[in-house]
Amino acid sequence: MNKSRIEELFDAGVQLSVEEHALQEKTKVGILRAGNTGIAALDDKGQMEVAGKCHRQTLLRLLGIPSEDADYSKELMFDSGRGNEDLWYSVLSRSYKDGVILREEEIPIQWMTKNGTRVSGRPDLVLCDHQSQPTLGLELKLLCSFWTTRSVLLGEPKTMHVMQAAHYAWKLGVPFELWYTSRVDWPVMGWAAKHLPKEGEPGFEHLEVNEKGEVRKIVPFKLGFLLTQDAEGFIHYSVVGRDEPPVKSIVSIPRIEAYYEYISTMAERKDLGPRPQNLTATGEKVSWSFCSYCPLQPVCDAHESDYDTWLKEAQGMVPKAK
């Protein structure tokens with residue numbers, strides 16, 4: 001069998017990165033994170049509904065309990081996302097002359113829930129003036145899924161991405177833009193073309209067709225969403241460069257705040273709450289459930305109304321790197 005020292009070094013480096021992240025997580029026990037942003041609101045019957053990042057997973061992270069697999073392939077994908085942020089900074093730092101660009105730890109957010117639980121976060125990029133005062137924030141996402149790429153081309157941002165950007169905008173007090181970047185050619189087979197923009201529709205400019213006019217691939221592109229806030233705190237989004245009216249989302253500042261307030265008291269109340277809903281940015285139900293891809297699903301299925309047993313079983317399911 002052919003072997004390479006480089007492969008051994010690379011795999012060891014990935015494993016060390018996973019372990020370093022795990023050590024960092026231990027220093028943040030008791031802190032809620034903006035990267036886990038969701039929304040919560042009472043329904044017509046007075047029952048709490050949650051959408052976005054699962055509040056049960058967010059609770060476990062607050063308690064310092066890992067709940068998601070440290071999958072090797074996912075780590076490669078997450079690393080490419082971090083690389084995308086580096087590339088954006090490299091480009092913008094050459095052309096932005098109105099001040100400085102601050103990143104993550106250089107411009108963190110922090111606030112407290114009513115019971116004193118700390119919430120913190122690190123925005124991707126924030127454009128500032130020459131006094132380092134923020135003027136515009138950027139939430140950056142690398143497209144790594146065909147279906148997400150398709151949604152973005154159609155002018156539909158991912159709900160959790162809108163939530164995260166809105167959270168930073170709220171706490172920094174400046175507008176935010178959500179930018180998606182695709183840095184590869186996506187080959188398109190016959191069945192997939194039916195789900196993409198048609199000729200003459202917005203987004204078609206990022207597709208390449210053959211001599212018959214059939215879509216053969218999605219070429220590399222970037223696409224941004226402007227995020228604005230109305231008087232009630234709801235976030236509206238519109239695609240940069242398209243002459244279309246802003247779309248009102250289900251994401252609002254009061255709902256983001258309610259999400260963190262709810263999680264901050266879950267342990268005290270010993271309440272797991274409802275299963276999280278998977279909704280589009282405008283509130284339509286998505287065909288698949290978050291739970292079906294979650295390693296905690298068996299625990300939740302078996303101990304839905306027994307907080308103590310659920311917590312004990314969740315602690316026993318500490319994921320291992322694959």
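Both backbone and side-chain heavy atoms feed into the values below; hydrogens, waters and symmetry mates do not. Residue numbers count from 1 along this sequence.
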Ring pair (Phe, Tyr, Trp, His ring centres under 6.0 Å) for Phe225 and Trp179? Distances and angles first, verdict last.
CA-CA 6 Å; Phe225 292 85; Trp179 280 89; 8.7 Å; no
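- You'll find the side chain of Val119 stays beyond 4.5 Å of the side chain of Gln110, heavy atoms only.
- A distance of 13.0 Å separates CD of Glu156 from OG of Ser249, quoted to the nearest 0.5 Å.
- Side chain to side chain, Gln57 and Lys53 meet the donor-acceptor criterion of an N or O pair below 3.5 Å.
- At least one donor-acceptor pair closer than 3.5 Å links the side chain of Lys97 to the backbone N or O of Arg94.
- Although no hydrogens or angles enter the test, the distance criterion places no donor-acceptor pair under 3.5 Å between the side chain of Asn84 and the main chain of Thr181.
- In summary, the side chains of Thr135 and Gln133 do not present any donor paired with an acceptor at a separation below 3.5 Å, with no hydrogens or angles considered.
- A donor-acceptor distance shorter than 3.5 angstrom exists from the side chain of His55 to the backbone of Pro274, with no hydrogens or angles considered.
- Hydrophobic clustering (side-chain heavy atoms under 4.5 Å, transitive across Ile, Leu, Val, Met, Phe, Trp, Tyr) keeps Leu154 apart from Val209.
- Val91 and Leu136 fall into different hydrophobic clusters, where Ile, Leu, Val, Met, Phe, Trp and Tyr are joined by side-chain heavy atoms under 4.5 Å apart, directly or via other members.
- Nearest heavy-atom pair across Cys144 and Ser80 is SG-OG, 4.1 Å.
- Side-chain contact annotation: Ser182 with Trp186, donor-acceptor N/O pair under 3.5 Å present.
- Side-chain heavy atoms closer than 4.5 Å link hydrophobic residues (I, L, V, M, F, W, Y) into clusters, and following such links, possibly through other members, connects Ile250 to Met48.
- Residues Arg33 and Ser120 have side chains in contact (heavy-atom distance under 4.5 Å, counting atoms from C-beta outward).
- Note: Leu140 CG to His161 NE2 = 11.0 Å, rounded to the nearest 0.5 Å.
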Could you walk me through whether Arg61 and Glu25 satisfy the salt bridge (charged side-chain N to carboxylate O under 4.0 Å, His left out) test, starting with their C-alpha distance in whole Å, then the side-chain angles of each, then the deciding distance to 0.1 Å, before giving a yes or no? CA-CA 8 Å; Arg61 193 178 186 189; Glu25 285 291 292; 3.0 Å; yes
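- No option in Ile107, Leu127, Asp129 other than Ile107 meets the side-chain contact (heavy atoms from CB on, under 4.5 Å) test with Pro134.
- A donor-acceptor contact closer than 3.5 angstrom links the side chains of Lys141 and Gln164.
- In this structure the side chain of Val29 never reaches within 4.5 angstrom of the side chain of Leu63, judged on heavy atoms.
- Applying the salt bridge (Lys or Arg N to Asp or Glu O under 4.0 Å) test to residues at least two apart or on different chains, the pairs with a partner in residues 180-191 are Asp185-Lys217.
- Between Arg118 and Trp111 the shortest side-chain heavy-atom distance does not fall below 4.5 Å.
- One N or O on the side chain of Ser151 and one on the backbone of Trp147 form a donor-acceptor pair closer than 3.5 Å.
- The minimum heavy-atom distance linking Cys291 with Pro276 is given by the pair SG-CD, 4.4 Å.
- Counted by atom type alone, Arg242 and Ser238 present zero donor-acceptor pairs between their side chains at under 3.5 Å.
- A donor-acceptor pair is defined here as one N or O able to donate and one able to accept, closer than 3.5 Å; no such pair exists between the side chain of Ser90 and the backbone of Asp86.
- Using modelled atom types, no side-chain atom of Asn278 and backbone atom of Ala51 make a donor-acceptor pair closer than 3.5 Å.
- Between the side chain of Arg150 and the backbone N or O of His195 there is at least one donor-acceptor pair closer than 3.5 Å.
- The pair Glu8-Arg5 counts as a salt bridge, with a side-chain nitrogen and a carboxylate oxygen less than 4.0 angstrom apart.
- A donor-acceptor contact closer than 3.5 angstrom is absent between the side chains of Asp43 and Gln47.
- Between Phe221 and Thr149 there is a side-chain heavy-atom pair separated by less than 4.5 Å.
- Pro123 and Leu172 make their closest contact through CG-CD1, 4.1 Å (heavy atoms, listed as atom of the first residue, atom of the second, distance).
- The side-chain heavy atoms of Tyr259 and Val50, taken from C-beta on, include a pair separated by under 4.5 Å.
- For Asp301, the salt bridge (charged side-chain N to carboxylate O under 4.0 Å, His left out) criterion is met by Arg275, not counting sequence neighbours.
- Within the 3.5 Å criterion, the main-chain N or O of Gly121 finds no donor-acceptor partner in the side chain of His167.
- A salt bridge is defined here as a Lys NZ or Arg NE, NH1 or NH2 lying under 4.0 Å from an Asp or Glu carboxylate O, and Arg82 with Glu75 meets this definition.
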Q: Assess whether salt bridge (charged side-chain N to carboxylate O under 4.0 Å, His left out) is satisfied between Asp124 and Arg103, documenting all intermediate values.
A: CA-CA 6 Å; Asp124 293 334; Arg103 307 177 62 185; over 6 Å; no
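- Looking at Arg56 and Glu304, a side-chain N of the basic residue comes within less than 4.0 Å of a carboxylate O on the acidic one, giving a salt bridge.
- Taking every heavy atom of both residues into account, Glu139 and Phe176 meet most closely at N-CD2, 4.0 Å.
- Of the candidates Thr113, Thr117, Thr37, Tyr260 forms a side chain to side chain donor-acceptor pair (under 3.5 Å) with just one, namely Thr37.
- Atoms NE2 and OG1, from His236 and Thr228 in turn, are 6.0 Å apart once rounded to the nearest 0.5 Å.
- Remark: the backbone N or O of Arg255 is paired with a side-chain donor or acceptor of Ser252 at under 3.5 angstrom.
- Residues Tyr168 and Ile101 do not share a hydrophobic cluster, defined by chaining ILVMFWY side chains whose heavy atoms lie under 4.5 Å apart.
- Note that CD of Glu104 is 8.5 Å distant from CG of Leu125, once rounded to the nearest 0.5 Å.
- Proximity of a side-chain donor or acceptor of Arg269 to a complementary backbone N or O of Tyr262 within less than 3.5 Å is detected.
- Rounding to the nearest 0.5 Å places CD of Glu208 at 11.5 Å from CD1 of Ile218.
- Of all non-hydrogen atoms in Pro157 and Leu178, the two that sit nearest each other are CB-CD2, 3.9 Å.
- The hydrophobic clustering, which links ILVMFWY residues whose side-chain heavy atoms are closer than 4.5 Å, places Val152 and Leu279 together.
- Between the NZ atom of Lys114 and the CD atom of Glu261 there is a distance of 5.5 Å, given to the nearest 0.5 Å.
- In summary, the side chains of Gln24 and Glu20 do not present any donor paired with an acceptor at a separation below 3.5 Å, with no hydrogens or angles considered.
- Shortest non-hydrogen contact noted between Ala166 and Ile235 is CB-CG1, 3.7 Å.
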